[in-house]
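Take a look at the structure set out below.
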Amino acid sequence: MWQEPIIATVGIFALLALGEYISVLTRARIPTLMTAMLGFLIFTWIGVFPEDILELSTLPALGAILIGPLIVHMGTLMRFDILKSQWKAVVIALSGLAGAMVLVLPLVTLMFDFTTAASGVGPLSGGVVALLITNERLTELGLTSLVVVPVLVYAFQGIIGMPISTFFMKRYGHLFMTGQINAKDTAKVSFEEKPVKYKFMQNNILKLFFVFLLAAIGVYLGEITGIHFTIFCLVLGILALNFGFFPKSVLESANSFSFMMVALIFVIIGTMADVTPMDVVNNVPSVLAILAIGTFGILAGGYIASKIVGWHPYKGMPVALTALLGFPTDYIICEEVARSETDNPEDENKLFQELVTPMLIGGFVTVTVASIFIASIVMNLI
């Protein structure tokens, strides 16, 4: 039965659909990828899926081609003017990641080894692409037993980040609504799309062509410079957006993003093919260490940066913790905190606006951009 590519694809796709359904039911508290990956491992271990189901599907082959275009798309998610207006959130978000790296790399190296420490740093930043970069590098080096480390870090980071972020945001919300904080940095930033400069870029096929072209250029530059191609793809996407060549979220505007992400997730799941139950058991201590030390580092970095830029730490530390959350979890928490700390729609909207912009900016900086740089650079050190 599984020999047919469409049947093998549907089998794995069913795990993604189940993960998405559970994510919706739990308001993103259980990530889609966590359900899909753990489900894939369990079904493979107990024999429901054949060991070569991903090869039978053939979709991972397509997904491998789409990594570059997807990273170009990541670069088209935020404009320079928005980042400039929220520079304090950017500083705090980056400081949180710096705090995590400063603690995780030396401490986890002392406790285990550098490869284990490096394999957890990128995914700790929250990005799916960072997870893929990490897993591909480990597979390339023949360290398949360590693949479970970044996967488990990515899977459980949100479970740790959500309650801590909510804790600080609720306290900040109380101070804000009772007038104990004079918020001078409340900025209502416009997220409206700016029109592209060239009319031919309204055509979906042309959009896709130029996305793939920039991805190909990024791959070529990576080959001739030795720098990971994902960094070039990301920079090219950022420049294309901010110089008006691409619209914001270019693959979504071309109605292509969802399918490409599914294909990419197939690639990520494929890196789990050789993981055994013993690999999971053996790496649980290192995963717990990375999550604990990394979370403390993010909080410390966020606290210090908040003091430096003049924000209350209760507002700044959740922005740093967006590395563990990402969208839409950061948005959902803002909604829940605003609703729980107010008793009328006007105050709820006021608090929501105070919280949501820096949280979204923080999530973009950490998950979308910084995680790719961190994973690419650190994994090349192994």
Side-chain angles (χ1 to χ4, degrees), residues 67-80 82-84 86-87 89-106 108-109 114-115 117-138 140 149-150 153-154 157 161 214-215 217-242 264 268 290 294 297-298 301-302 305 319-327 330 360-382:
I67 295 170
L70 279 164
I71 296 175
V72 171
H73 165 82
M74 296 295 184
T76 67
L77 295 180
M78 193 66 68
R79 302 190 305 268
F80 285 146
I82 294 178
L83 295 177
K84 183 179 178 180
Q86 285 284 307
W87 67 270
V90 174
V91 169
I92 292 171
L94 292 177
S95 298
L97 289 182
M101 290 183 63
V102 166
L103 293 183
V104 169
L105 290 179
V108 176
T109 298
F114 179 76
T115 303
S119 67
V121 167
L124 189 69
S125 308
V128 174
V129 176
L131 172 62
L132 176 62
I133 293 169
T134 302
N135 282 5
E136 283 195 328
R137 179 62 174 163
L138 292 174
E140 178 186 326
V149 172
V153 169
Y154 180 87
Q157 61 182 183
L214 290 186
I217 293 172
V219 171
Y220 175 73
L221 291 174
E223 290 180 351
I224 64 175
T225 62
I227 299 172
H228 203 281
F229 76 92
T230 53
I231 294 178
F232 288 110
C233 290
L234 184 67
V235 170
L236 289 172
I238 292 172
L239 293 176
L241 169 72
N242 286 280
L264 178 64
I268 296 172
I290 291 169
I298 290 172
V319 172
L321 284 169
T322 53
L324 304 180
L325 304 174
F327 186 85
D330 48 9
L360 292 179
I361 297 297
F364 166 76
V365 170
T366 56
V367 175
T368 306
V369 177
S371 64
I372 295 175
F373 279 95
I374 291 172
S376 300
I377 294 170
V378 173
M379 293 308 294
N380 279 340
L381 298 177
I382 299 178

Those residues at least two apart in sequence (or on a different chain) that pass side-chain contact (heavy atoms from CB on, under 4.5 Å) with Leu381 are Phe114
- Item | Check: Gly362 main-chain N/O paired with Thr322 side-chain donor or acceptor under 3.5 Å | yes
Side chains of residues 71-78: which donor-acceptor partners sit under 3.5 Å, not counting sequence neighbours?
from, atom 1, to, atom 2, distance (Å)
His73, ND1, Leu251, N, 3.1
Thr76, OG1, His73, O, 2.6
Thr76, OG1, Ser249, N, 3.4
Thr76, OG1, Val250, N, 3.2

*asked:* So Ile238 and Phe80, do their side chains get closer than 4.5 Å, heavy atoms only?
replied: yes
Taken to the nearest 0.5 Å, the spacing of Thr366 OG1 from Ile92 CD1 works out to 12.5 Å
Q. Would you say the side chain of Met379 lies within less than 4.5 Å of the side chain of Leu138, judging by non-hydrogen atoms?
A. yes
From the list Ile361, Val91, Val365, side-chain contact (heavy atoms from CB on, under 4.5 Å) partner of Gln86 resolves to Ile361
Closest non-hydrogen contact found for Thr134 with Ala375 is OG1-CB, 4.0 Å
Interatomic distance, CG@Leu236 vs CD1@Ile217, rounded to 0.5 Å, equals 6.5 Å
| request: Decide yes or no for Leu221 and Ile224: does some side-chain heavy atom of the first lie under 4.5 Å from some side-chain heavy atom of the second? | output: yes
Note, Thr225 side chain near Phe232 side chain (heavy atom, < 4.5 Å) = yes
When rounded to the nearest 0.5 Å, the distance separating OG of Ser119 from CG of Leu124 is 11.0 Å
In short, Ala215 meets Pro69 closest at the heavy-atom pair CB-N, 3.4 Å
Shortest non-hydrogen pair, Gly122 vs Ser371, comes out as O-CB, 4.1 Å
Output for pair (Ile377 CD1, Met101 CE), nearest 0.5 Å, gives 7.5 Å
d(Leu264 CG, Leu132 CG) to nearest 0.5 Å is 5.5 Å
Residue set satisfying side-chain contact (heavy atoms from CB on, under 4.5 Å) with Phe373, at least two apart, ordered chain then number -> Ile231, Leu234, Val235, Val369
How about Pro123 and Ile290: do any of their side-chain heavy atoms sit closer than 4.5 Å? no
Value for CG (Asn135) from CG (Leu131), rounded to nearest 0.5 Å, stands at 4.5 Å
On a heavy-atom basis, the closest approach of Ala320 and Gly302 is CB-CA, 3.8 Å
When every non-hydrogen atom of Ala370 is compared with those of Leu97, the smallest separation belongs to CB-CD1, 3.3 Å
